[in-house]
**Student:** 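The structure follows.
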Amino acid sequence: MAIRHLLDTQEFTRSELENLLDLTSALKQADRDGAVPQLLAGRSLAMIFEEPSTRTRVSFEVAMTKLGGHALYLKPGEIHLGFRETVSDTARVLSRMCDVIEARVLRHETVVELARYSSVPVINGLTDFNHPTQAICDIFTMREHLPDGRRLEDCTVLFVGDRTNVCSSTMFITTQFGMSFIHAAPTAYQAPAEWVAVAESNAESSGASVTVTDDVQAAVQQADFIYTDLWWWVDQEDEIPQRRAAFMPRYQVNADLLSRAPEHARFMHCLPASRGVEVTDEVIDGPQSIVFDQAENRLHAEKAILAWLTYPTISHERSDQMRRHHERRARSLLDAHNRKRAVL
Ligand code: CP
């Protein structure tokens, strides 16, 4: 069976994504019942991180453990990725030792290169371009919090603020699922034309719509889900004054903005959040916020993603028989050696 990677949700059909969401739901219930199936027993996940992480790191490691496997945290600077060793050599070595690789890398090209040379599935754990595992978790969370009697296709997602990697992934997955997507931001921070082209192409087959606007006050009136993300990341700290001036106060998700949305509207954030900057405490801690359900769902989505990509690559039919064969063989070699040592 051909190896599949998860670099971008655009590489998946809607039917495949729906299957992943159903698997997420099944594995969430299995967790609630304390009975997660050991689908990846004895398997190893290499987790490469070029940047810090709370949710991605913890959710992947716990997910792998719950599925019966083991995860290795390869923290920033710990391996020779692109430094003293090419990315392609790292991919070839890790895929000889591990069954699946997750990578949070600074440049999207790095995860593409890892996948090109890996013989096991590679999962994008966030790049400068996108965050597909977050997007799968988010659409699952939206499906759990739909307004009464509505389907995803009947809902509007408003993404407020900077055109981050989470913005691109939200734009792509919501339009794959036929939702109306609006990006509201000052002109200089709006989704670029190439992202809009991808979303419009999704919309042609799914019936979605795509809007990019600076009029957040009008957009929020239609929003079933209001999503925001950080206004600056670590490598943009020298731009803080101009970014703050561009976004504040108009694009802050605060009680005033939320009061203009339908009462059933839900607030989402991928986290980490800068409280008092892109969102206020009263919103993130308020009754319309689903950010901690969203964070928990990273764990359930990671279980599904790991199993969906890795389970088909493992031979299951012969495993019990083969295990007994190899156990007999190894024991007989060890016993023969021990008998020799006893004589000496
Ligand atoms: N949302 C997200 O990816 O969080 P971390 O940076 O903590 O992994």
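Order of appearance sets the numbers: ligands from 1, and atoms from 1 within every ligand. Keep in mind that what you see is a predicted model, and the values were worked out from it rather than measured.
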**Student:** Does the ring of Tyr311 carry Arg43 above it, NZ/CZ under 6.0 angstrom from centre and within 45° of its axis?
**Tutor:**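 The answer is no, since Arg43 fails at least one limit relative to Tyr311.
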
**Student:** At less than 4.0 angstrom from any atom of ligand 1, which residues have a non-hydrogen atom? List them by chain and residue number.
**Tutor:**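 If the criterion is a heavy atom under 4.0 Å, then ligand 1 touches Ser53, Thr54, Arg55, Thr56, Arg104, His131, Gln134, Cys270, Leu271, Arg298.
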
**Student:** Give a yes or no on whether a salt bridge exists between Arg324 and Asp320, defined as a side-chain N under 4.0 angstrom from a carboxylate O.
**Tutor:**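 No, no charged N to carboxylate O under 4.0 Å.
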
**Student:** Tell me, with the steps shown, if Arg339 and Asp335 meet salt bridge (charged side-chain N to carboxylate O under 4.0 Å, His left out).
**Tutor:** CA-CA 6 Å; Arg339 276 195 297 277; Asp335 289 345; 5.2 Å; no

**Student:** Is it the case that Arg57 places NZ or CZ above or below the six-membered ring of Phe49, under 6.0 angstrom from the centre and within 45 degrees of the axis?
**Tutor:**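 No, cation not above the ring by the 6.0 Å, 45° rule.
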
**Student:** So does Arg244 pair up with Glu237, basic N to acidic O under 4.0 Å?
**Tutor:**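 Between Glu237 and Arg244 there is no salt bridge, as every charged N stays at least 4.0 Å from the carboxylate O atoms.
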
**Student:** Quick check on the 6.0 Å ring-centre criterion: do Tyr227 and Phe267 meet it?
**Tutor:**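 Here the rings of Phe267 and Tyr227 have centres that are no less than 6.0 Å from each other.
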
